[in-house]
Amino acid sequence: MTRHFLDLSDAGGDAIAAMIVDAQQRKAARNGWAKGRVDADAPLAGHVLAMIFEKNSTRTRVSFDMAMRQLGGSAIVLEAGTTQLGRGETIADTARVLSRMADAIMIRTDDHAKIEELAAHASVPVINGLTDASHPCQIVADLLTVVEHGKALPGLEVAWLGDGNNVLSSIVEAAGLMGFNVRIGVPQGYDADPAYVDVARSRGSRITVHRDSGEAASGADVVVTDTWISMGQSGAEARIAAMTPFQVNQELMALAKPDALFLHCLPAHRGEEVTDAVIDGRQSVVWDEAENRIHGQKSVLRWVFGQL
Ligand code: CP
Ligand code: NVA
């Protein structure tokens, strides 16, 4: 069976735990090396990842390319607008062709149904590099960062502030799989996707919704936010007005535990969802989090190829 990674549940909690351990070990083993040097065991030697981008990206694009290089393989970037996909070739036919030419496909797109369609017609693994619904690779890096900074996942209290977006959905999904809780501080009308929330609750996770940002952040182990206006979203003015009370600033961080971590998937909109003082402050681990996109995705890649 071809392993796809469209959402965290495709792997499940045990595999995600294995990815975190693998990522820590591989990261430690290449400490101080030049970034493009191939890992000693080159576990994906000869493998090629085709990456389709229907939306902008800095981190996902570079981290997957670097991950493939470090694993001994390589990557090809396809900007959708310059491919035949951009002129109407179907997703199904694109899946069939890329399955003959590459060993795996990563796609960043809008509608989650497109990635499901791609996976349905691909005979090689398909990886979600962000859709409007979720961003699972980001959350593997986030969990790795939290664990690396000494926090155990079971029982962790994570506070999310701002928009109920794709990144939040994957955090909520991870909560159900890894046994932590999420307090969602979000204005009415911008709530989290109930499909992900219901599943996480059914797995025993405590997911609470707060209309007061301080209530969400109080006593949290980890504080997370993201842009108020995701790629493809309109209504910027109304979004900013609704979410301004949910800004992560020093006053808000002071309500979390003294050793709480601050996470942001980036890109950040300084002065909107987060202030300079927080993102550049002592509790921020956002640069580790960004680097960990490489290490986390190496383990995702090893998982889809059956190596974990
Ligand atoms: N966090 C993240 O996915 O960044 P990019 O949009 O730059 O890929
Ligand atoms: N929620 C953001 C994440 C960017 C990495 C977006 O979808 O634009």
Side-chain angles (χ1 to χ4, degrees), residues 5-8 23 49-68 75 77-81 105-115 127-146 158 160-174 182 184-187 190-193 196 222-236 239-240 242-243 246-248 262-270 272-274 279 284-298 300-301:
F5 190 70
L6 307 190
D7 264 322
L8 295 166
L49 174 71
M51 303 196 280
I52 305 171
F53 286 97
E54 292 196 310
K55 287 181 174 177
N56 294 48
S57 169
T58 299
R59 279 144 289 268
T60 302
R61 176 177 173 155
V62 176
S63 60
F64 265 109
D65 194 331
M66 293 307 296
M68 286 303 291
V77 173
L78 297 142
E79 302 286 358
I105 305 167
M106 191 240 49
I107 182 166
R108 167 167 284 196
T109 187
D110 40 29
D111 187 354
H112 198 78
K114 286 192 192 174
I115 196 167
I127 298 172
N128 179 355
L130 179 147
T131 68
D132 289 349
S134 60
H135 196 4
C137 291
Q138 178 67 52
I139 299 331
V140 173
D142 291 7
L143 300 180
L144 171 60
T145 307
V146 167
V158 175
W160 172 274
L161 280 306
D163 186 24
N165 68 12
N166 46 3
V167 174
L168 173 61
S169 289
S170 291
I171 290 179
V172 166
E173 187 177 31
V182 188
I184 305 173
V186 58
Y190 298 94
D191 281 306
D193 182 340
Y196 287 91
V222 178
V223 176
V224 199
T225 190
D226 183 18
T227 180
W228 292 337
I229 308 151
S230 285
M231 291 181 276
Q233 288 179 333
S234 53
R239 291 183 152 270
I240 291 170
M243 293 183 214
F246 295 84
Q247 182 190 63
V248 180
F262 172 72
L263 294 180
H264 190 312
C265 66
L266 307 177
H269 303 77
R270 291 165 175 260
E272 291 187 14
E273 74 272 8
V274 62
I279 198 168
S284 172
V285 290
V286 300
W287 314 119
D288 290 339
E289 182 184 6
E291 180 189 333
N292 281 339
R293 293 295 303 279
I294 298 177
H295 306 294
Q297 281 152 208
K298 287 167 72 176
V300 170
L301 286 159

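Count residues from 1 along the sequence. As the structure is a computational prediction, the values presented were derived from the model and not from experiment. Whatever order the structure lists them in is the order used to number ligands and atoms, beginning at 1. Below, all heavy atoms of this structure are taken into account, side chains as well, without hydrogens, waters or symmetry copies.
Heavy-atom minimum distance, Asp65 versus Ala75: CA-CB, 4.1 Å. Minimum heavy-atom separation, Thr109 to Asp111: CG2-O, 3.9 Å. Between Phe64 and Cys137, the shortest heavy-atom distance links the atoms CZ-SG, 3.7 Å. Here the closest heavy-atom approach between residue Phe5 and residue Pro136 is recorded as CE2-CB, 3.7 Å. Shortest non-hydrogen contact noted between Asp163 and Trp228 is OD2-O, 4.0 Å.
Heavy atoms from other residues, nucleotides or ligands lying under 6.0 Å from CG of Asn56 number 12 at most.
Contacts of ligand 1 (protein heavy-atom distance under 4.0 Å) are Ser57, Thr58, Arg59, Thr60, Arg108, His135, Gln138, Cys265, Leu266, Arg293. Closer than 4.0 angstrom to ligand 2 by heavy atom are Leu130, Asn165, Asn166, Asp226, Thr227, Ser230, Met231, Leu266, sorted by chain and number.
Among the candidates Lys114, Arg108, Lys55, the single residue satisfying the salt bridge (Lys or Arg N to Asp or Glu O under 4.0 Å) test with Asp132 is Lys55. Screening Asn128, Asp193, Asn165 against Ser134 for a side-chain hydrogen bond (donor to acceptor under 3.5 Å, both in side chains) leaves a single residue, Asn128.
Atom CZ of Arg239 sits about 7.5 Å away from atom OG of Ser234, to the nearest 0.5 Å.
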